[in-house]
Amino acid sequence: MAKKIILTGDRPTGRLHLGHYVGSLRRRVELQNSGEFDRIFIMIADAQALTDNADNPEKVRQNVIEVALDYLSAGLDPARSTLFIQSQVPELCELAFYYMNLVTVQRLQRNPTVKAEIQLRGFSENAVEGDTAQRAGIPVGFFTYPISQASDITAFKATTVPAGDDQEPMVEQTREIVHKFNSVYGPTLVEPEILLPDNAACMRLPGTDGKAKMSKSLGNCIYLSDTADEVKKKVMGMYTDPDHLRVEDPGKVEGNTVFTYLDAFCRPEHMAKYLPDYASLDELKAHYRRGGLGDVKVKRLLIAVLNETLDPIRARRKEFEGRIEEVYRILEEGSAAARATAAATLDEVRRAMRINYFDDTELIEQQAKAYANR
Ligand code: TRP
């Protein structure tokens, strides 16, 4: 049977937050523990992080360990998942270099995630060299990162990429590259599929301010490493329904961040434990809609649920924080294992491309013979 292989990862530009957790991290741990996959590769994408942090390489360097600590504390287990650092697998660059010939500038320009990030980063599409304007042009490395991401995924022959919907255009572009490569050079690479979160609240967890997405630059994050007190403060200040002024008022659940978080985190056993008067979260929502239920009660539930979820993660983090050298050793061993897999794929790729000159005795003999007969 065909192997089932996972590859996914994160840019090390900061600690991971609840958006990362419900969007992908929690799922990865479940998939790891399900035993359904032959191999799981989890990559700290430091090289990709540099594509839009050219001015701040030290931030990327310092955050590699933060992301590793978040991975380990969330339950990724190095005995079952290969944790590695992107830059330590140089085969990824080689593969990306070959893929660059299979993708047009126009196709990259149509990638919706690249487009959105150009806006977000304030890169200018028509900056002129030597321009005194504030806006910087688009770095070539940034522009081509979808190609690099295709090599991340395919170097491991990943079948499955657990990620948020912002990664959909990347996986789509990867599939196109695989298709193109296989049709030019013969069947070699595997077309991956994205595995999206299974509920809407997890797909795009809003920030505590109710803004579209939890993101470090907006300062609206709850981090996996936040203390119970920080979580309490952040939830108490969270955006709810601005028209729900008095407890008696009917309230809106849609677009109410506290309820969105409950959708993402609250399980039936939490209701039974913290609010046994309600049979389910749906009943709590119904009461809120009717009126007579105050925000504070709902927020207290969320604080309890979040802290129950985060407590074991915090405890594991504390442990690993005291074993930093060992965490680097885990990454070093993971990177060596990842490199071995990527190198094996690159051997196949070079053979398919027929650039394995020194092993190609047929080519050498044929050309030698041709010259001998002149
Ligand atoms: N683009 C991902 C992010 O922004 C990180 C990443 C790099 C990735 N390579 C990947 C994710 C391959 C999934 C598969 O965090």
Side-chain angles (χ1 to χ4, degrees), residues 1-11 20 23-48 67-68 71-72 74-96 98-99 146-165 167-182 185-198 330-352:
M1 216 178 69
K3 289 213 155 141
K4 291 177 75 181
I5 298 171
I6 285 177
L7 179 121
T8 188
D10 301 276
R11 298 181 189 185
H20 295 113
S24 174
L25 193 48
R26 179 169 67 183
R27 180 56 107 31
R28 292 178 206 172
V29 175
E30 287 164 11
L31 294 171
Q32 168 194 275
N33 297 341
S34 76
E36 247 186 81
F37 285 82
D38 298 285
R39 288 297 297 272
I40 300 178
F41 296 95
I42 309 289
M43 182 180 76
I44 301 179
D46 63 334
Q48 187 178 109
V67 172
Y71 283 170
L72 293 166
L76 288 174
D77 170 6
R80 287 178 286 179
S81 299
T82 303
L83 310 181
F84 73 100
I85 305 179
Q86 185 183 28
S87 61
Q88 305 308 298
V89 183
E91 285 77 6
L92 299 175
C93 302
E94 184 184 347
L95 195 52
Y98 300 139
Y99 289 171
I147 300 177
S148 143
Q149 190 154 340
S151 76
D152 300 337
I153 296 168
T154 54
F156 302 94
K157 299 206 167 158
T159 52
T160 313
V161 179
D165 61 352
Q167 299 302 307
E168 234 170 343
M170 302 299 158
V171 176
E172 189 50 40
Q173 189 142 27
T174 302
R175 294 165 61 84
E176 284 175 33
I177 291 171
V178 168
H179 188 79
K180 179 93 189 176
F181 186 98
N182 288 348
Y185 295 113
T188 313
L189 303 167
V190 176
E191 274 188 43
E193 263 164 49
I194 193 164
L195 186 63
L196 295 168
D198 41 25
I330 290 170
L331 295 176
E332 187 175 4
E333 281 166 21
S335 299
R339 194 170 177 191
T341 303
T345 305
L346 258 296
D347 277 342
E348 283 181 58
V349 162
R350 285 190 221 99
R351 230 179 304 128

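For the single chain, residues carry numbers from 1 onward in sequence order. The model shown is predicted, which means the values in this text are computed figures rather than measured ones.
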Mind listing the closest non-hydrogen atom pair of [X] and [Y] along with its distance?
X	Y	result
V67	R11	CG2-O, 4.4 Å
P197	G164	CD-CA, 4.4 Å
E168	L196	OE2-CD1, 3.8 Å
A158	P192	O-CB, 3.5 Å

Is a side-chain N or O of [X] found less than 3.5 angstrom from the main chain of [Y], in a donor-acceptor match?
X	Y	answer
S335	I85	yes
Q48	S148	no
T159	I5	yes
S151	L95	no

To the nearest 0.5 Å, what is the distance between [atom1] ([X]) and [atom2] ([Y])?
X	Y	atom1	atom2	value
L31	T160	CG	OG1	8.0 Å
R350	T345	CZ	OG1	10.5 Å
Y99	T174	OH	OG1	8.5 Å

inquiry  = Taking salt bridge (Lys or Arg N to Asp or Glu O under 4.0 Å) as the definition, give me every residue that meets it alongside E193, ordered by chain and number, with sequence neighbours left out.
reply    =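 Expected list: none.
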
Just jot down the salt bridge (Lys or Arg N to Asp or Glu O under 4.0 Å) partners of D46, sequence neighbours excluded, or say none.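 Counting only residues at least two positions away or on another chain, D46 forms no salt bridge (Lys or Arg N to Asp or Glu O under 4.0 Å).
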
Exercise. Please indicate whether E176 has more than 12 foreign heavy atoms, meaning atoms of other residues, nucleotides or ligands, lying under 6.0 Å from its CD.
Key: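 Yes - once you tally the heavy atoms of other residues, nucleotides and ligands closer than 6.0 Å, there are more than 12.
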
Would you please name every residue forming a side chain to side chain contact (heavy atoms under 4.5 Å, CB included) with [X], sequence neighbours left out?
X	value
E333	none
A342	V89, E91, A155, F156
P146	L108, N111, V114, M170, Q173

Review point. So I153 and V190, side chain to side chain contact (heavy atoms under 4.5 Å, CB included) or not? Walk me through it.
Key: CA-CA 9 Å; I153 296 168; V190 176; over 6 Å; no

Any [X] side-chain heavy atom under 4.5 Å of [Y] side chain:
X	Y	answer
R80	N33	yes
T154	V349	no
R28	I6	no
N182	T188	yes
L195	T8	no

Practice item. Walk me through it: do Q86 and D152 pass the test side chain to side chain donor-acceptor pair (under 3.5 Å)? Key: CA-CA 8 Å; Q86 185 183 28; D152 300 337; 3.1 Å; yes

Report, one line per pair, each donor and acceptor closer than 3.5 Å where one atom sits in a side chain of residues 36-44; sequence neighbours left out.
unit_1: E36; atom_1: OE1; unit_2: K4; atom_2: NZ; d: 2.8
unit_1: D38; atom_1: OD2; unit_2: K4; atom_2: N; d: 2.7
unit_1: R39; atom_1: NH2; unit_2: T82; atom_2: OG1; d: 3.3

message: I need the single residue from E94, R351, R339 that forms a side-chain contact (heavy atoms from CB on, under 4.5 Å) with L346. Which is it?
response: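 For L346, the side-chain contact (heavy atoms from CB on, under 4.5 Å) check succeeds only for E94.
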
*Is there a donor-acceptor contact under 3.5 Å linking the side chains of S81 and Y71?*
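Y71 and S81 do not have a side-chain donor-acceptor pair below 3.5 Å.
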
